[in-house]
Colleague: 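Input: one structure, supplied below.
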Amino acid sequence: MFEHLDVLRVDAGLMANFLHGLAATGAENERLAEAARGIWPSLLRHAIGYLSDDSSPYRDNHWGDWAAAALLPAPLPWTQGLYNEVIGDPVDWVRAEDLVDLIEDWLPTARGNSKSVDALINILRKVSEEVQATHGVHWVSDLCIQDGRVTVKQSWLSNSWLKEIRRTADELGELDAWQMLVDALVVAGNEGLAPYSR
């Protein structure tokens with residue numbers, strides 16, 4: 001499988017489609033779910049290495065953001081076509097705790113990419129609120145802001161997620177980091193978070 005991925009990395013679109021298909025295959029049944037769960041941390045670790053390629057798939061102008069986001073699996077949105085043929089509900093096989101230790105290494109592939117912000121939030125919603133409000137806020141900030149410049153002011157999930165974890169961030173003494181992120185997004189034009197800005 002890694003050899004196949006190595007070949008596909010020259011085309012970010014093909015690579016993203018392969019990863020989505022692989023994630024969706026894991027949703028077919030428990031046996032395939034266990035296989036996908038077992039292989040994904042190694043696959044993620046392997047694919048992060050493509051960042052140093054001269055023609056890294058993550059720098060592709062059209063599909064690079066899709067390829068980076070697809071490294072964090074979200075099988076359920078990609079199973080609709082399968083369920084014309086497969087009986088039963090799709091399996092949400094992703095075990096976020098298996099991937100959390102690799103997030104720091106994944107971040108450089110995904111900075112400035114709204115699709116990756118949502119991919120990260122999908123993973124974060126599967127872990128404790130404590131991890132979300134501590135590590136998660138810093139990770140999302142890393143994707144949205146580089147060198148003091150906001151590159152992602154809003155994604156589909158960012159506003160709702162930030163509102164959800166505000167209280168936990170406050171309880172854990174992380175409200176300053178949460179507030180800095182929210183304020184920066186609002187200054188960049190995120191009107192949905194304006195009521196939460198200082």
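Sequential numbering from 1 along the given sequence is applied to the chain's residues.
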Colleague: When you measure from the side chain of Asn190 to the backbone of Lys153, do you find a donor-acceptor pair of N or O atoms at a distance under 3.5 Å?
Modeller: yes
Colleague: With rounding to the nearest 0.5 angstrom, report the CG to CZ distance, Asp54 to Arg59.
Modeller: 8.0 Å
Colleague: Using the salt bridge (charged side-chain N to carboxylate O under 4.0 Å, His left out) criterion, which residues pair with Glu164? Sequence neighbours excluded.
Modeller: Arg125
Colleague: Can you tell me if Met1 has over 12 outside heavy atoms packed within less than 6.0 Å of its CE?
Modeller: yes
Colleague: Donor-acceptor pair, distance only, cut-off 3.5 Å: does the side chain of Glu28 make one with the backbone of Ala24?
Modeller: no
Colleague: With the side chain counted from C-beta on, respond yes when Asn122 and Val94 share a heavy-atom pair under 4.5 Å apart, and no when they do not.
Modeller: no
Colleague: Closest approach of Asp183 and Ser197, non-hydrogen atoms and distance?
Modeller: OD1-OG, 2.9 Å
Colleague: With side chains defined as the heavy atoms from C-beta onward, is the minimum distance between Glu174 and Val137 less than 4.5 Å?
Modeller: no
Colleague: Could you grab the distance from atom CG of Leu102 to atom CG of Asp98, nearest 0.5 Å is fine?
Modeller: 9.5 Å
Colleague: Quick one: CG on Asp11 to NE2 on His62, what's the gap to the nearest 0.5 Å?
Modeller: 11.0 Å
Colleague: Could you tell me whether the side chain of Glu34 and the main chain of Trp93 form a donor-acceptor pair under 3.5 Å?
Modeller: no
Colleague: Determine whether Val152 and Val187 fall in the same hydrophobic cluster, where Ile, Leu, Val, Met, Phe, Trp and Tyr are linked whenever their side-chain heavy atoms lie under 4.5 Å apart.
Modeller: no
Colleague: Are Tyr50 and Ile48 connected in a single hydrophobic cluster, I mean Ile/Leu/Val/Met/Phe/Trp/Tyr linked by side-chain heavy atoms less than 4.5 Å apart?
Modeller: yes
Colleague: Test of understanding: clusters of I, L, V, M, F, W, Y form through side-chain heavy atoms closer than 4.5 Å, transitively. Do Leu19 and Leu32 belong to the same one?
Modeller: no
Colleague: Give a yes or no answer on whether the side chain of Ser128 reaches the backbone of Val131 with a donor-acceptor pair at less than 3.5 Å.
Modeller: yes
Colleague: I need the single residue from Val100, Thr134, Ile121, Val117 that forms a side-chain contact (heavy atoms from CB on, under 4.5 Å) with Trp139. Which is it?
Modeller: Val100
Colleague: What distance separates Leu107 CG from Ser116 OG, expressed to the nearest 0.5 Å?
Modeller: 9.5 Å
Colleague: Any donor and acceptor pair, going by atom type alone, linking the side chain of Trp63 with main-chain N or O of Met15 inside 3.5 Å?
Modeller: no
Colleague: Got a second to check how far Leu120's CG is from Ser155's OG, nearest 0.5 Å?
Modeller: 9.5 Å
Colleague: Taking all non-hydrogen atoms of both residues into account, name the closest pair between Phe2 and Ile39 and its distance.
Modeller: CZ-CD1, 4.3 Å
Colleague: Just so I know, are the side chains of Asp92 and Lys126 near enough to count as touching, which here means a heavy-atom distance under 4.5 Å?
Modeller: yes
Colleague: Answer yes or no: is there a donor N or O on one side and an acceptor on the other, between the side chain of Trp178 and the main chain of Asp170, under 3.5 Å?
Modeller: no
Colleague: Which heavy-atom pair separates Ala23 from Pro75 by the least distance, and what is that distance?
Modeller: O-CB, 3.2 Å
Colleague: For Leu5 versus Ala47, what's the shortest heavy-atom pair and its separation?
Modeller: CD2-CB, 4.1 Å
Colleague: Could you check His138 against Ser141 for side-chain contact (heavy atoms from CB on, under 4.5 Å), going step by step and ending with a plain yes or no?
Modeller: CA-CA 5 Å; His138 294 285; Ser141 184; 5.5 Å; no
Colleague: Only one of Leu143, Leu51, Leu99 passes side-chain contact (heavy atoms from CB on, under 4.5 Å) with Trp106; say which it is.
Modeller: Leu143
Colleague: Ignoring hydrogens and geometry, is there a side-chain-to-backbone donor-acceptor pair from Ser56 to Ser52 under 3.5 Å?
Modeller: no
Colleague: Would the distance check show the side chain of Asp118 and the main-chain N or O of Leu157 forming a donor-acceptor pair, the cut-off being under 3.5 Å?
Modeller: yes
Colleague: State whether Arg45 and Asp105 are salt-bridged, where the test is any N-O pair (Lys NZ or Arg NE/NH1/NH2 against Asp/Glu carboxylate O) under 4.0 Å.
Modeller: no
Colleague: Can Trp161 and Gln132 be counted as having a side-chain donor-acceptor contact under 3.5 angstrom?
Modeller: yes
Colleague: Rounded to the nearest 0.5 Å, what's the gap from OG1 on Thr168 to CD on Glu130? Could you check?
Modeller: 9.5 Å
Colleague: With under 30° as parallel and over 60° as perpendicular, where do the rings of Phe18 and His4 fit, or are they tilted in between?
Modeller: perpendicular
Colleague: Do side-chain atoms of Thr151 reach the backbone of Cys144 as a donor and acceptor pair under 3.5 angstrom?
Modeller: yes
Colleague: Got a sec, which residues hit salt bridge (charged side-chain N to carboxylate O under 4.0 Å, His left out) with Asp65, two or more places apart in sequence or on another chain?
Modeller: Lys115
Colleague: Does the plane of the ring in His20 sit parallel, tilted or perpendicular to the ring in Trp66? Use 30° and 60° as the thresholds.
Modeller: perpendicular
Colleague: Verify side-chain contact (heavy atoms from CB on, under 4.5 Å) between Gln154 and Leu185, making sure each step is shown before the conclusion.
Modeller: CA-CA 7 Å; Gln154 183 176 351; Leu185 300 182; over 6 Å; no
Colleague: Under the 3.5 angstrom rule, does the side chain of Tyr58 hit a backbone N or O of Ala12 as a donor-acceptor pair?
Modeller: no
Colleague: Using the rule given for side-chain contact (heavy atoms from CB on, under 4.5 Å), can you reason through Lys163 versus Leu193, listing the C-alpha separation, both sets of side-chain angles and the distance that settles it, and then say yes or no?
Modeller: CA-CA 8 Å; Lys163 293 172 190 177; Leu193 291 174; 4.0 Å; yes
Colleague: I'd like to know whether CD of Glu191 has more than 12 heavy-atom contacts from other residues, nucleotides or ligands below 6.0 angstrom.
Modeller: no
Colleague: Any chain of hydrophobic side-chain contacts (each under 4.5 Å) joining Leu172 to Tyr196?
Modeller: no
Colleague: Evaluate side-chain contact (heavy atoms from CB on, under 4.5 Å) for Leu22 paired with Leu43, printing each intermediate quantity in order.
Modeller: CA-CA 11 Å; Leu22 193 60; Leu43 181 150; 3.5 Å; yes
Colleague: Could you work out, with salt bridge (charged side-chain N to carboxylate O under 4.0 Å, His left out) as the rule, every residue matching Asp53, not counting sequence neighbours?
Modeller: Arg9
Colleague: Indicate the atoms forming the closest heavy-atom contact of Ala69 with Asn113, along with that distance.
Modeller: N-ND2, 4.5 Å
